[in-house]
Protein chains: 2
Amino acid sequence: MPNASNGDRNPTSGANGRSQRVRIRDVARAAGAAQSTVSNAINGTGNVDPHTRDRILEVAAELGYVPNRNARSLRTDRAGMLGIVLSTRSEAGEVANVSYNLRLAGGASRAAFRRQNALTLLPPVRTPEEAAHLVPDGVILADIELDDPARAAFDVIGVPIVTIESDPGNPHESYWVGADTPTNTRTGLDHLMATGAKTIAYMGTDSTGTWSAQSATAYRAWCEERGVEPIAITVPRTQTVGECAEVLRELLEREPRPDAIFALTEKIAVTVVQQLGDLNLSVPRDIRVLSGSDGDRAAQALPSISAIDLHPEEVGAAAVALLAELIEGLDTERPRIIRATLNARESTTGRVTR
Amino acid sequence: MPNASNGDRNPTSGANGRSQRVRIRDVARAAGAAQSTVSNAINGTGNVDPHTRDRILEVAAELGYVPNRNARSLRTDRAGMLGIVLSTRSEAGEVANVSYNLRLAGGASRAAFRRQNALTLLPPVRTPEEAAHLVPDGVILADIELDDPARAAFDVIGVPIVTIESDPGNPHESYWVGADTPTNTRTGLDHLMATGAKTIAYMGTDSTGTWSAQSATAYRAWCEERGVEPIAITVPRTQTVGECAEVLRELLEREPRPDAIFALTEKIAVTVVQQLGDLNLSVPRDIRVLSGSDGDRAAQALPSISAIDLHPEEVGAAAVALLAELIEGLDTERPRIIRATLNARESTTGRVTR
DNA sequence: AAATATTCGCGAATCGTTTTTTGCTCCGGT
DNA sequence: ACCGGAGCAAAAAACGATTCGCGAATATTT
């Protein structure tokens, strides 16, 4: 009984268990029209007189008619369902870049919902067989890496794909949404320089994804333009605090000692800031730190960490939009680039902004 | 062309665009049986001779038959789709407790997938009208609070509901999965005491959810049993580092000064540890800190923070299982309690465990 | 005014399953 | 010998929408 409100108007509770919502034929009967006309009126298809269309819509609204998705799906061969794979690689299921991914998924979910689509969270799919049972109309692959098994799996069963950032294994594929990483990296580096940095080091990950690769490349290019030697180091994905500390110590022994660090991920940035505090180095006075991705952790660190906000919600929404257009067969603008913004915080400016 | 592999065997590419996978009638023809028999063989329903069943299954496998979900859904009135709402409250879309929620969703996703179901990520749903368009077979409501609009919305349209933690508005409803919060809280408090704490303060949130409420209650009960005065303070959900610092400073001026803090969330715990470092108090020597929920942030903090691991993946998986049984109409054991474990780290033991 | 388009709406077919109904065969009991 | 039931398989009827083809009514052109 706590599952309350089983009143008369409850749309489910058929004796046979089938949901007893209003069907199109009920609307047709009530409006004195044919099913096909009701269908056309609702979907805006075919030729229906504006007057009758309005009448039908009114009746439909009054009756609370909601089309049965399953019937519609069968007829139109569309599931009304998009998939998103947040992480292909992690076996244990932990998803890296937690904050980014959750915001990405949230943005995509809302965008899909607005389009009357469901966004389903797919576990790491590796084979076509796995993918064949749950066939979405299209799929978004986040965090795609070189030779991604998920891409292959969905390609084989013919499911349209949009990736977050370009697929490093298919550089000519244009159906992706992402950031202008080279520009963003430069923006970050410029910001560090503008706050007084002379020697900027780069700490990235060993990911084979495009974001990571392009960031590192942009960093080197930026250094080359200025005739300075790049100082780029890589932190293994499975970094522990200890490893990171070691890498950092090495970095600080260089001559001249870097006075700024561009940390690709929030996780690296937070660890770096912690370690620097431990080594009695002042942030930002001695060393400035900037994170290549923003989120809770960067914002909440002490000192708070300046970061590039990649606007993952917008990326997710754009991915859904592009995917929908790909499914429709529309030939729209692509790739879609979401402009990032720089959130300057204490780790570079030395005071709380805002 | 990068969307490769449009060979002959590509299952989609019908001239009319309809997916041209093998249908049940193809299997029937190839096996020399009726559609109904194939259906029965595959679903293990009805009476079919074991011999013919095997033959049919063999043929089906050979042809690579995969049932059309849309047709099946129409016939059975099951969408094969479960929904999960991660956060009802946040308007802007930011989900609190990021790490917990993402792990929860991941666990649920895998469990659903194993059952050939899709787990769809639903945006905060507030009205029945919003909920009516995408009707899942059942829905998981995480982070449910008092008078949750999502519960009401899904109740009205008759969608079965399982909540994460019990619904504070429906205390007699038993379809929920969660932790044994009273026990977990005590475990944490006992651990703090075992590591030498005498005066333990509690910092929780202003959430109206069950987890928060039960934690606070358990804390007070624990104090009462020991005849000590509880020191419980609440951090507003929208806490900034500044506010938290202020609250903490007050806390530390009490007489006697607390020598341990039970912080309900990772976020609070991390902030507390940072602030304590800033105030030149040693963790854990002067003050021990324990987080009521575990995740990346607690593990990676400096010093690393001991925390109660609520095993959100298991919670998600159990929620899917319970929801599936609720949908089936099975009367199984409930609620489902997932046992938590304590991860002792530097913030209480003063050394790296493991 | 006749011929020809065009608009509008209806009925029926269809999507690919599952489920119900029907039918056949075989067997044991009276 | 006949009946009843069990076992198996085929045929047919759903499920609820969309879409196709066609005719009737109306508008437009010759």
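Residue numbers begin at 1 in each chain, while the letters A, B, ... track the order of the sequences.
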- Message: Expressed as a whole number of angstroms, how long is the span from B:Ile56:CD1 to C:dT18:P?
- Response: 13 Å
- Using whole Å, report how far CZ of A:Arg69 lies from P of D:dT18. 12 Å
Quick one: does [X]'s side chain have a donor or acceptor within less than 3.5 Å of a partner on [Y]'s backbone?
X        : Y        : result
A:Asp137 : A:Leu82  : no
A:Ser39  : A:Gln35  : no
B:Thr120 : A:Ala118 : no
B:Arg55  : B:Ala31  : yes

- More than 12 heavy atoms of other residues, nucleotides or ligands under 6.0 Å from CD of B:Glu328: is that the case? yes
- Message: Using a 4.0 Å heavy-atom cut-off to protein, can you give one letter per nucleotide of nucleotides 4-17 of chain D, 5' to 3': B if the base is in contact, S if only the sugar-phosphate is, - if neither?
- Response: ----SSBB-BBBBB
- Item | Residue from A:Val139, A:Asp143, A:Ile144, A:Ile140 passing side-chain contact (heavy atoms from CB on, under 4.5 Å) with A:Thr163 |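 Checked A:Val139, A:Asp143, A:Ile144, A:Ile140 against A:Thr163; only one passes side-chain contact (heavy atoms from CB on, under 4.5 Å): A:Ile144.
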- Task: Compute the bend angle of the helix from C:dA1-D:dT30 to C:dT30-D:dA1 from the end axes (five pairs per end), rounded to 10°.
- Result: 50°
- Message: Testing A:Glu165, A:Glu314, A:Glu325 one by one against A:Arg336 for a salt bridge (Lys or Arg N to Asp or Glu O under 4.0 Å), which residue passes?
- Response: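 Of all the options given, the one that passes is A:Glu325.
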- With A:Arg151, the salt bridge (Lys or Arg N to Asp or Glu O under 4.0 Å) member among A:Asp148, A:Asp147, A:Asp155: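 Passing option: A:Asp155.
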